[in-house]
Amino acid sequence: QVQLVESGGGLVQAGGSLRVSCAASGRTFSRYPMGWFRQAPGKEREFVASISSSGLNTYYADSVKGRFTISRDNRKNTVYLQMNSLKPEDTAVYYCAASLQSSMVIAAGQYDYWGQGTQVTVSS
């Protein structure tokens with residue numbers, strides 16, 4: 001079992017920055033590809049970014065490419081999402097997820113563990 005706890009969400013003005021974190025339990029965190037997803041009110045959950053177990057490979061949704069950076073610290077069992085140049089359309093609940101797959105994945109259905117989410121609100 002893996003438990004994921006997100007933190008760092010909040011209210012920020014458009015153009016600002018925010019970093020959300022996801023702390024994972026378990027000694028095998030370094031084996032799991034990780035991902036960030038988000039869900040805005042009335043919309044489906046969408047992929048934001050993913051990172052391989054080693055942290056060497058990353059992948060981003062087009063909507064956040066160049067603005068968001070996913071990273072991980074396997075010594076701290078934590079994955080991060082640095083969000084810069086935030087826009088009102090980035091407002092959503094942000095979820096981190098862990099996959100039991102051997103390689104980096106994008107589809108939500110390929111993630112096995114999910115956090116409870118953290119709210120990010122970007123004001124115009």
Can you check whether W36 reaches V79 side chain to side chain, under 4.5 Å on heavy atoms?
yes
For K43 versus Q39, what's the shortest heavy-atom pair and its separation?
O-NE2, 3.1 Å
What closest approach, in Å, do A61 and F47 show between heavy atoms, and which atom pair accounts for it?
CB-O, 3.5 Å
Heavy atoms of Q116 and V5 approach each other most closely as OE1-CA, 3.7 Å
For the residue pair Y113 and L100, establish whether any side-chain heavy-atom pair is separated by less than 4.5 Å.
yes
What pairs meet the salt bridge (Lys or Arg N to Asp or Glu O under 4.0 Å) rule with one or both residues in residues 46-61, with sequence neighbours excluded?
R38-E46
Flag the pair Y94 / C22 as yes when at least one side-chain heavy-atom distance between them is below 4.5 Å, and no otherwise.
no
Nearest 0.5 Å, what's the CD-OG distance between Q101 and S53?
12.0 Å
Kindly check if the number of other-residue, nucleotide or ligand heavy atoms within 6.0 Å of NZ (K65) is above 12?
yes
Are I70 and V105 grouped together when hydrophobic residues (ILVMFWY) are joined by side-chain heavy atoms under 4.5 angstrom apart?
no
Scanning both residues in full, the closest heavy-atom pair of S123 with L11 reads CB-CD1, 4.3 Å
Do M83 and V12 belong to the same hydrophobic cluster, where Ile, Leu, Val, Met, Phe, Trp and Tyr are linked whenever their side-chain heavy atoms lie under 4.5 Å apart, directly or via other members?
yes
Just wondering, more than 12 heavy atoms not from Q3 lying within 6.0 Å of its CD?
no
Is it true that a side-chain atom of T91 and a backbone atom of V122 form a donor plus acceptor pair closer than 3.5 Å?
yes
In Å and rounded to the nearest 0.5 Å, what is the CG to OG distance from N77 to S30?
7.5 Å
Going from CD on Q1 to CG on D112, what distance comes out if it is rounded to the nearest 0.5 angstrom?
10.0 Å
Roughly how far, to the nearest 0.5 Å, is CZ of R72 from SG of C96?
10.5 Å
OG1-CG distance between T118 and L81, expressed to the nearest 0.5 angstrom:
11.0 Å
Which heavy atom of S17 sits nearest a heavy atom of S85, and at what distance?
OG-N, 4.4 Å
Would you say Y111's side chain and P33's backbone share a donor-acceptor pair under 3.5 angstrom?
no
Apply side chain to side chain contact (heavy atoms under 4.5 Å, CB included) to the pair N74 and Y32, showing each step before the final yes or no.
CA-CA 10 Å; N74 286 342; Y32 303 132; over 6 Å; no
Are M104 and I106 linked, directly or through intermediate hydrophobic residues, by side-chain heavy-atom contacts shorter than 4.5 Å (ILVMFWY only)?
yes
Report the distance from atom OG of S99 to atom CD of Q110, rounding to the nearest 0.5 Å.
6.5 Å
Test of ring centre spacing under 6.0 Å for W114 and F37
yes
Just jot down the salt bridge (Lys or Arg N to Asp or Glu O under 4.0 Å) partners of R67, sequence neighbours excluded, or say none.
D90
Within the structure provided, determine whether Y95 and V20 are in side-chain contact (heavy-atom separation under 4.5 Å).
no
Full working for side chain to side chain contact (heavy atoms under 4.5 Å, CB included) between T69 and Y80:
CA-CA 8 Å; T69 302; Y80 306 97; over 6 Å; no
What are the two closest non-hydrogen atoms of F29 and A24, and how far apart are they?
CD1-CB, 3.3 Å
